[in-house]
There are 2 protein chains.
Amino acid sequence: MSIAEPLLDSCAGATPCDCRHGHATNGCEDCKVRLFSVCAALESSELEELDRISQAKQVPARTTLFEQSALAGSVFNVTDGVVRLYKSLPDGRRQIVGFALPGDFLGLALQDRYGVTAEAVNAVAVCRFARSAFLTYVDGKPHLLRRLHEFAGHELSLAQDQMLLLGRRTAEEKIAAFLLNMQTRYARIGSVSVTVPLPMSRQDIADYLGLTIETVSRTLTRLAREKVVLIVPDGVRLLDLERLRLSGAS
Amino acid sequence: MSIAEPLLDSCAGATPCDCRHGHATNGCEDCKVRLFSVCAALESSELEELDRISQAKQVPARTTLFEQSALAGSVFNVTDGVVRLYKSLPDGRRQIVGFALPGDFLGLALQDRYGVTAEAVNAVAVCRFARSAFLTYVDGKPHLLRRLHEFAGHELSLAQDQMLLLGRRTAEEKIAAFLLNMQTRYARIGSVSVTVPLPMSRQDIADYLGLTIETVSRTLTRLAREKVVLIVPDGVRLLDLERLRLSGAS
DNA sequence: GCGCAGCATTGATCTGCATCAATGCGGCCG
DNA sequence: CGGCCGCATTGATGCAGATCAATGCTGCGC
């Protein structure tokens, strides 16, 4: 899955960039921007331009990138770490609507105001674009705008999958779907490890899945007891993918 | 709220069309298309063009407009009745992700395949556009594409509100939010009645809110007993808005 | 008017997950 | 090294909402 909000997901078929030669492909070390997704839509010259208007920034763990309903001044590209996006109720109940992983964008809906709050889960690196500069950049590139719109549609579809999960799935199904989803997303950005990193806290997972921290913990321990997963520091190793898919299948 | 999926919401500030004179505004009787939303983005000549490529169609209650993951051949504009949009699990559990009211669009994400199934709740009238014709129409109108993208962002935000509702709200809060939301949406399309129409079944409401039919029924009767609402045939009259907002506030 | 089909309501009971309450377990600071 | 502090785990108990089960209501075909 991916990030909800004005953010863009890594696209399904994209392969991580391995460029070491100029700007021929996306996300090389010379570039600040990191794209596993918008790839196909960008020419190398365009990427250079995008890079020129970007500004790399380090964000310490637990700091806020932007707040819900604040004026949307920036568009972000996450290059390292994990960002949580959430909405809250006045009494403090919180729903995390997505986790942004490296390669994901925030604020791409280009709305006037942010629809969610974005906080760094761990130490995060981002590329920041002034919204106005980004708008200028996008304007006059109809193919890009078109691509952006396609992405938005994809985001919407993912949000609807999450609605199905929140409204109709059991705790175990939620956890299974979450783990499989995180695995897919990390695989996409080049993590070949069998172990799925889970940098976010149990509370974050609970708030993402509409559960409590205790239920998340219990469900994970049960899956571990049944040898479906192995719990390791800051992550989970998936042992029985079949069994997980049985619960978590879309 | 509004429809999720590749559909567009009536925009917040739009007023219903009252045109009786050519195509100067949107949604007049001469036009087939009905727009309470995309209004501002369309010139009268453009509306005429849009109208020309559209085809009015009657859809009997309980029939399917399109199915999830089918090739997205058409874009629809609902002109009368209510359409439910949903995703299902293999075992039959269903999550309704939105109800499309008159003025709403379906398939506007312009993806290759539909992300949800769309079914007429009652007798529905739509305007159909061939996706290809719609794409041709949109291409070369960057301002329209831009507007479409803005709408998509708004849809996403609504989807995230629904996630918060599904994951973190109680049954009563869900019902209250739903009623207030339906009231707002009907008011927007010109229904001045204090009574909110609820053409969908209790099962539909349950599948929209992540509840069971019994809980929906019980919660409504309790609200009626407490004089917060009055249950009438095919709808509900909201008596104590303050009390409802107390529960259903965003 | 009768009977039936398809909802909606209502009641009794059950249960999955929440809540409440310890206890454990690193990591970090002094 | 010891004592917190912030999380995670684990256990006991509670309860909101699910499930099971009638019963009622309304419209429709005959």
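None of the values given here were measured: they were computed from a predicted structure. Basis for what follows: all heavy atoms, side chains included, without hydrogens, waters or symmetry-related copies. Within every chain, numbering begins at 1; the chains are lettered A, B, ... in the order of the sequence lines, protein sequences first and strands thereafter.
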Taking CG from A:D234 and P from C:dC25, how many angstroms apart are they, rounded to a whole number?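 Answer to the nearest Å: 17 Å.
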Carboxylate-amine/guanidinium proximity below 4.0 Å for A:E172 and A:R218: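 Salt bridge: no.
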With no hydrogens and no angle check, just 3.5 Å: does a side-chain donor-acceptor pair link A:S69 and A:R113?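 On atom types as modelled, these side chains do not qualify, holding no pair under 3.5 Å.
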CG of B:L220 to OG1 of B:T215: how many Å apart, nearest 0.5 Å?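 Those atoms lie 11.0 Å apart.
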With sequence neighbours excluded, give me every ring-ring contact (aromatic ring centres under 6.0 Å, His included) pair touching residues 163-197 of chain A.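 Checked against ring-ring contact (aromatic ring centres under 6.0 Å, His included) - neighbours excluded - the pairs reaching residues 163-197 of chain A are A:F178-A:Y208.
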Roughly, in whole Å, what's the span from CG in B:D207 to P in D:dA18?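 Between P of D:dA18 and CG of B:D207: 11 Å.
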May I have the distance from B:R222 (atom CZ) to D:dG17 (atom P), rounded to whole angstrom?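 Interatomic distance, CZ of B:R222 to P of D:dG17: 9 Å.
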Could you state the CD-C1' distance from B:E172 to D:dC15, rounded to the nearest angstrom?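 It is 16 Å, rounded to the nearest whole Å.
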Anything under 3.5 Å between a protein N or O and an N or O of nucleotides 9-13 of chain C, put it in a table, one pair a line.
unit_1, atom_1, unit_2, atom_2, d
C:dT9, OP1, B:R202, NH2, 3.1
C:dT9, OP2, B:R202, NE, 2.7
C:dT9, OP2, B:S217, OG, 2.8
C:dT9, O5', B:S217, OG, 3.1
C:dT10, OP2, B:T221, OG1, 3.3
C:dG11, N7, B:R218, NH1, 2.7
C:dG11, O6, B:R218, NH2, 3.2
C:dA12, N6, B:R218, NH2, 3.3

Which residues share a salt bridge (charged side-chain N to carboxylate O under 4.0 Å, His left out) with B:R62, sequence neighbours left out: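 Partners of B:R62 by the salt bridge (charged side-chain N to carboxylate O under 4.0 Å, His left out) criterion come out as none, since no residue qualifies.
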Could you give the CG-to-C1' distance, from A:L166 to D:dG17, as a whole number of Å?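 It works out to 17 Å between those atoms.
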Round to the nearest Å and state the distance from B:I205 atom CD1 to D:dG17 atom C1'.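 After rounding, the gap between these two atoms is 17 Å.
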What's the CE-C1' distance between B:M200 and C:dC7, to the nearest Å?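 Rounded to whole Å, this separation is 15 Å.
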Before accepting this row, confirm whether a basic side-chain N of the pair A:R94/A:D204 lies closer than 4.0 Å to the acidic partner's carboxylate O.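 Looking at A:D204 together with A:R94, the answer is yes, because their closest N to O distance falls below 4.0 Å.
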Please tell me which of the listed nucleotides, C:dA18, D:dC7, C:dC7, lies nearest to the side chain of B:R62?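 Selected nucleotide (nearest to the side chain): C:dC7.
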